[in-house]
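Here the structure is laid out as structure tokens; the discussion comes afterwards.
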Amino acid sequence: MVSANSVPSNRYDASLANSIELKWQKRWEEDGTYHAPNPSGSLASDSERINLPKLFVMDMFPYPSGTGLHVGHPLGFIGTDVYARYKRMTGYNVLHTMGYDAFGLPAEEHARQTGQHPRDNTNSNIENMRGQLRRLGLGHDLRRSIATTDIDYYRWTQWIFLQLFNAWYDDENKCARPISELEDAFSNGSRILENGASWNTLTSQERKDCINSYRLAFLDEAPVNWCPALGTVLANEEITPEGRSERGNHPVYRRPMKQWMMRITAYADRLLDDLENLDWSDAIKTMQRNWIGKSNGAEIVFPVADKEIAVFTTRPDTLFGATYMVLAPEHPLIEEIVPSSWPDATPDEWKQGFPNPQTAIKAYQQLTAQKTDLDRQENKEKTGIFLGVYAKVPVNDKQIPVFISDYVLMGYGTGAIMAVPGQDERDWEFAELFNLDIVRTVEPPTSWDGKAFTGNGPAINSDFLNGLSVDDAKSKMTEWLDTTGNGKIKTTYKLRDWLFSRQRYWGEPFPIVYGEDGLPIGVDERQLPVELPDLIDWAPRSLNENSDPEPPLGRASDWGTIELDLGDGLQSYKRELNTMPQWAGSCWYYLRYLDPDNNQNFVAKDIEEYWMSGDAGGVDLYVGGVEHAVLHLLYSRFWHKVLYDLGHVSSLEPFQRLYNQGYIQAAAYQDARGMYVEASEVIEKDGAFTHNDEQVTRSFGKMGKSLKNSVTPDEMYDEFGADTLRLYEMFMGPLDQDRPWETKSVVGSQRLIQRVWRNLVDEESGNLNISDLEASKELRQLLHRTIQAVNDDMENLRFNTAIARITELNNEITKIPEDTPREVAETLVLLLSPLVPHIAEELWEKLGYETSVVYASFPQADTSLLLEESIEIPIQINGKVKSKITVPSGSTAETVREIALQDPKINSIISGKTIRKEIIIDGKLVNFVI
RNA sequence: GCGCCGGUGGCGGAAUUGGCAGACGCGCAGGGUUUAGGUCCCUGUGUCCAUUAGGAUGUGUGGGUUCAAGUCCCACCCGGCGCACCA
């Protein structure tokens, strides 16, 4: 039906946009337009592009959730797509694809609720998301797409696990090596056991235990984070600062359990040092540095009763100022040293009314155990109690009292400190509370009126250190400790080993079995994959903090036992029933993109070398949210370094350049009860907001289901089209910044495409409407200045300003009364094509090209056209602009000065006055000071 | 408390090395096209004063350096993020 109004039949509107978009999406898929050739293997081709420099662009892959995408999700995906398209047009073989991080809790929860197998649910979610991303026109090489749940994928995740299981960390050479080399070294005597025992005298069981204790993936009985609500244990990285689960915010309890661990601590120094060479934001680097938490210092041994207690300090130079010692309430030696009665002359305030140290200590320990981590953090009032014993300071033989207090943490250092109130604020506070001695060992400045002095200054009250600076005193004291055997240099880290097992169904099974001796054995790699069994029983279990975790795989009874021949005949083995955490699959997916069909190897060596080469090597651009700063990014770097050590990859780091995109936020509305109401139903009137005639209040937050403020891409396609959505998201602001979504502003981006279309195409007939005449000099100059600016912006991911420059150019084209000259029209289409690929393809085709615009050359500026013949220069008097003059470019300062002085306005201001100073900046401005 | 990032019109945001603040877009106002609304097109739009010409003022606050400061320096306020009794 032709409507009564007179909208031209070929106006660029949503329906035209949609038909163009669907046409090209189909064409691209049929033509394999975005297929990037590999140097060999199943994805090799005779394409010349293999000879171009490579570029590997990647997004943090999404979890395929059941609710689908909202417009906030694809911001980074569009950004990488624009960049990848730009680089394709400037002569790169670009690899860009998308995978799915598809193991995880939601699919399992869904299975519990519906009885549907997680695999079915996951696969349909992936299909749904693929469709949504395809509709956006993202230029992905879909042959390379993987899901972590694919058996052909997790087979190799298991293979990498075996690499870690079958490796140990050689501290001397600072790299991972095959575990067989360690065994050889022990048996031929080139390496001796830590406890000095002889390898030959060990039983075979003892040898296995010894070797197992060295593996990079190992079983350990250690306090872990047990979350009964989720039914699983969790890594430290998955616990919030409040001590709850990151997912779901459930309570978490610390309990010792035997679990799989990854020896990430062995890589602490390399993970820290190699940050230097990465092109990552300082914010993320700082977060990783904080998480690793390295501090250099010394371990000093204090005799206490008939025992020795080691403390860790970063300030060995202050040892002469140690006036008491504090142990963490959980310190294992407490029970062995606590006496049955208070020593003579113990001050009453140290006893706190308790009849003897043993009851006092017990009471304090109970008090601490009741405190949550949050209490312990928030309430920083010092508390503690005297342990009833004294320690001897090694350097001056002073007897100092030993306390326990919860301001000392068992999880850091040795769980014991020497307290130096003179140089430590916390110790000063504690010393005041218990009336303990305070000895300054660093002289504060004369103006100092504070308490503890933590700055630099000459050592005092410190015998052989007196007069030395803090740094010199540290090294001298460390030397003394070392030669006298009272201590040694020590480095500590906050980083703990990575808890790697989960009691979940929907994850990778471990390629591990247990023999009769109960020790873990790695499955032979030829027996991979270890496939997840199908489960029937999805019923939830009610667990509490005292329950033991129940791995769901334990319910698949046949599966748990297996007959294997591991070299000594067919025997029965028990399978590991835990599964790997979700981070396992995301640790290495970038490598599988490179060679997804390879069934001989996780990636072929030459293909890996081709795509991962570069300055320091790795993915050339990795874009994603800041929330993965320490989890995924740290784990992935760790695995990559292990693979590097074992010779499986060629680059030291996985991600050379990391870019954190911002989030799209949107207005959210709450009613009087504080409940969120559907944002799309809120009506604004005179600055007030109502929902069903009820007053609501507005705030801004991350777009999503919980704030009921989602806008879906589908709504945007119906109203504007995918190109408009892409353009709007790129135009909203810098890619790394959060920005509020405003549906009413989207029309501006549609107008730009509409005007470009109208400048090239007759809206009535749909025919090309351009001229073969040359562009005017002015237009051509503007064209080349635009080309220059857009290239610069694209290179630096500044898409918002690139779009502004293109808009300016198009506004000028709109103003010329004649048809648009072809050279301008073609350039405009090319400049726009990374941003709005569908309409660009359509126009490119109309312009007579038979090959895709995707591989056309991006315009390069003719620098000779960038110089202007004449330029406008502002003339200031006393720094304020009073007039402007136009002079030929390249005019001498003297000429500019003459013309400026002749300007009538300037002349009238300065006539009769003396010019005290003249500033003439070539081509920029003139300033007369009067 | 410590560290990092940020604060520019009604709104999103532009401004190489200090050199014309507010590019580009939204919104708004006026006009054109249209029976009307919408679409589309044109013009204007930091604030204040002035009918106009023009003038003053202006980048969180207060100081400073400079011929010239959104940009550099000092002190502070506000917002976001990270770390937080780490010895």
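Fair warning: this is a prediction, and the values are worked out from it, not measured in the lab. Just so we're on the same page: letters track the sequence lines, and every chain starts at 1.
Residues A/Tyr659 and A/Ser281 have side chains that never bring a donor and an acceptor to within less than 3.5 angstrom of each other.
For the pair A/Thr454 and A/Asp424, the minimum side-chain heavy-atom distance is 4.5 Å or more. A/Met716 places a side-chain heavy atom less than 4.5 Å from the side chain of A/Thr743. Proximity of A/Ile915 to A/Glu918: side-chain heavy atoms (C-beta onward) are separated by under 4.5 Å at one or more points.
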> Yes or no on side-chain contact (heavy atoms from CB on, under 4.5 Å) for A/Ser295 and A/Phe312, after CA distance, side-chain angles and deciding distance?
Replying inline: CA-CA 10 Å; A/Ser295 46; A/Phe312 174 72; 4.0 Å; yes

- request: Begin from the C-alpha positions of A/Asp437 and A/Tyr324 and carry the test side-chain contact (heavy atoms from CB on, under 4.5 Å) through to its verdict.
  value: CA-CA 8 Å; A/Asp437 291 346; A/Tyr324 63 103; over 6 Å; no

Could you give me the CA-CA distance, side-chain angles and deciding distance for A/Asp406 and A/Lys382, then say whether side-chain contact (heavy atoms from CB on, under 4.5 Å) is met? CA-CA 8 Å; A/Asp406 65 359; A/Lys382 296 281 174 293; over 6 Å; no

Exercise. A/Phe928 and A/Gln876: side-chain contact (heavy atoms from CB on, under 4.5 Å), yes or no, with the steps?
Worked result: CA-CA 6 Å; A/Phe928 295 118; A/Gln876 299 179 333; over 6 Å; no

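When the options A/Thr820, A/Thr786, A/Asn759 are evaluated for a side-chain hydrogen bond (donor to acceptor under 3.5 Å, both in side chains) with A/Asn810, the one that passes is A/Asn759.
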Intra- and inter-strand pairing of RNA chain B, written as dot-bracket with Watson-Crick and G-U pairs under 3.5 Å and | for the latter, reads (((((((..(((......[....)))((((((.......))))))((((....))))..(((((..]....))))))))))))....

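Between A/His632 and A/His628, the ring planes are perpendicular. Angles over 60° get that label, and only those under 30° would be called parallel.
The distance from atom CG of A/Asn660 to atom P of B/G82 is 13 Å, rounded to the nearest whole Å. What separates CD of A/Glu719 from C1' of B/G38 is a distance of 13 Å, to the nearest Å. If you take NZ of A/Lys702 and P of B/G80, they are 16 Å apart, rounded to a whole angstrom.
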Reading nucleotides 2-7 of chain B from 5' to 3' and marking B where a protein heavy atom lies under 4.0 Å of the base, S where only the sugar-phosphate is that close, and - otherwise, the string is ------

Reading nucleotides 12-26 of chain B from 5' to 3' and marking B where a protein heavy atom lies under 4.0 Å of the base, S where only the sugar-phosphate is that close, and - otherwise, the string is BSS--B-BB--BBSS

